[in-house]
Number of protein chains: 2
Amino acid sequence: MARKRFDDSSCSVARALNEVGDWWSLLVVLHAMYGTRRFVDFQQELGIARNILCDRLARLVDNEVLKKVEVGEHGSRFEYRLTDKGRDLFPIVIALRQWGDKWNPAPDQAPLDLRDRETGRTIPRVEVQDADGNPLTVRDVFVPNGDDASRVSVGKKKTG
Amino acid sequence: MARKRFDDSSCSVARALNEVGDWWSLLVVLHAMYGTRRFVDFQQELGIARNILCDRLARLVDNEVLKKVEVGEHGSRFEYRLTDKGRDLFPIVIALRQWGDKWNPAPDQAPLDLRDRETGRTIPRVEVQDADGNPLTVRDVFVPNGDDASRVSVGKKKTG
DNA sequence: CGAATAGGGTTGCATTTTAAAACCAGATTT
DNA sequence: AAATCTGGTTTTAAAATGCAACCCTATTCG
């Protein structure tokens with residue numbers, strides 16, 4: 001059967017994954033952040049099948065993560081550019097990259113280091129912080145009215 | 001054909017997505033963070049098919065995001081618990097939640113607010129920061145030696 | 001004690017997705 | 001005018017997904 005969809009889930013993680021939670025979408029967004037804009041470039045850099053790329057780009061455009069703009073005069077050339085919504089995925093992509101570098105380092109390759117354009121210093125880890133900027137773990141947080149945290153549910157779950 | 005895998009990709013985002021980049025894995029991790037540990041509980045909270053849940057739990061255990069521990073005396077009851085690697089997905093999950101709440105707010109529901117257990121204050125947004133704690137956007141960063149940022153590639157791409 | 005039920009799966013089947021490669025059509029280049 | 005670039009669509013076969021049914025081991029109930 002088809003993949004289950006969570007468009008109307010009460011869980012915002014589920015709704016987010018609905019838009020960028022498949023195998024390719026975040027990689028497309030990542031490459032868009034590195035400056036890729038053209039169909040053929042995405043295709044070659046990612047090694048993705050063209051039909052799948054079509055589908056993903058269309059879906060990302062539908063969800064307003066990318067916008068498709070005509071370039072060139074006679075309109076048969078396009079660019080896919082990040083929207084604000086798409087650019088707002090930056091922390092997620094970077095956190096994923098850092099997680100991958102930490103826990104699955106490439107055997108023969110230094111982890112990519114991103115740097116601050118202004119100072120040239122390496123970007124520190126993305127973390128969940130309290131209001132003062134101190135790092136928090138999952139144990140340091142709670143959901144107010146949270147005696148039933150698992151009510152933050154996802155699927156059909158008819159009843160609580 | 002089969003889904004493409006990125007186990008040995010030079011891109012750490014691709015390697016990360018290889019482990020938690022499908023429709024269900026991050027939701028399983030999310031619920032684990034909220035305290036769910038048992039097969040049946042995951043199944044009911046997520047509304048996921050049992051065989052798929054089996055597969056995902058096994059894969060997450062293989063990848064050391066979860067560990068499977070026997071509970072009860074006679075060993076036919078198990079719990080799936082987060083490892084350090086799994087807990088380290090916290091910023092990603094939270095960033096996804098915040099993104100979903102910001103750009104796809106649930107029609108009839110306030111966004112979940114997470115709070116600092118110590119102070120009771122709401123958790124601020126997860127962001128990419130410079131060394132001083134100032135927020136950075138994708139435009140504020142660069143990859144040193146980065147005249148070919150797209151070399152941060154993913155697929156087969158035989159040559160740079 | 002025997003039956004029912006809970007926990008944690010596995011199996012079989014129909015439906016979708018995916019990957020890969022072939023094909024297409026409008027611009028642009030040669 | 002022919003070749004090429006760009007951005008797709010179509011076709012086909014292999015996997016992945018969802019659902020329901022079945023299994024086996026405890027534990028609980030009568």
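Among residues two or more places apart in sequence or in another chain, the salt bridge (charged side-chain N to carboxylate O under 4.0 Å, His left out) test is passed with B:Asp84 by B:Arg87. Scanning for side chain to side chain donor-acceptor pair (under 3.5 Å) contacts around A:Lys67 gives an empty result, with sequence neighbours left out. With sequence neighbours excluded, the residues that form a salt bridge (charged side-chain N to carboxylate O under 4.0 Å, His left out) with B:Asp101 are A:Arg15. Taking the side chain to side chain donor-acceptor pair (under 3.5 Å) definition, one finds that B:Arg117 meets it with nothing, sequence neighbours left out.
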Name the atoms and distances for all side-chain donor-acceptor pairs under 3.5 Å in residues 125-133 of chain B, with sequence neighbours left out.
| residue | atom | partner | partner atom | Å |
| --- | --- | --- | --- | --- |
| B:Arg125 | NH2 | B:Gln98 | O | 3.3 |
| B:Glu127 | OE2 | B:Gln129 | NE2 | 3.3 |
| B:Gln129 | OE1 | A:Gln129 | NE2 | 3.2 |
| B:Gln129 | NE2 | A:Gln129 | OE1 | 3.2 |
| B:Asp130 | OD1 | B:Asp132 | N | 2.8 |
| B:Asp130 | OD1 | B:Gly133 | N | 3.0 |
| B:Asp130 | OD1 | B:Asn134 | N | 2.9 |
| B:Asp132 | OD2 | A:Arg121 | NH2 | 3.0 |

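Residue contacts for B:Tyr80: at a heavy-atom cut-off of 4.0 Å it reaches the sugar-phosphate backbone alone, with no base atom in range. Nucleic acid contact for B:Asp22: none, since no nucleic acid atom lies under 4.0 Å from a heavy atom of the residue.
Computed from coordinates, the B:Phe39 CZ to C:dG9 P distance equals 6 Å when rounded to whole Å. What separates CD of A:Gln44 from C1' of D:dG8 is a distance of 15 Å, to the nearest Å.
DNA chain D is contacted by B:Ile52, B:Arg56 of residues 52-60 of chain B, taking any non-hydrogen atom closer than 4.0 Å.
Both B:Arg3 and B:Glu79 lie near DNA chain C, and the one whose nearest nucleotide falls closer to the 5' end is B:Glu79.
Cation-pi geometry between B:Arg5 and A:Trp23 is satisfied (NZ or CZ under 6.0 Å from the ring centre, within 45° of the ring normal).
Distance from the side chain of A:Arg50 is smallest to D:dG7 among C:dT11, D:dG7, C:dG8.
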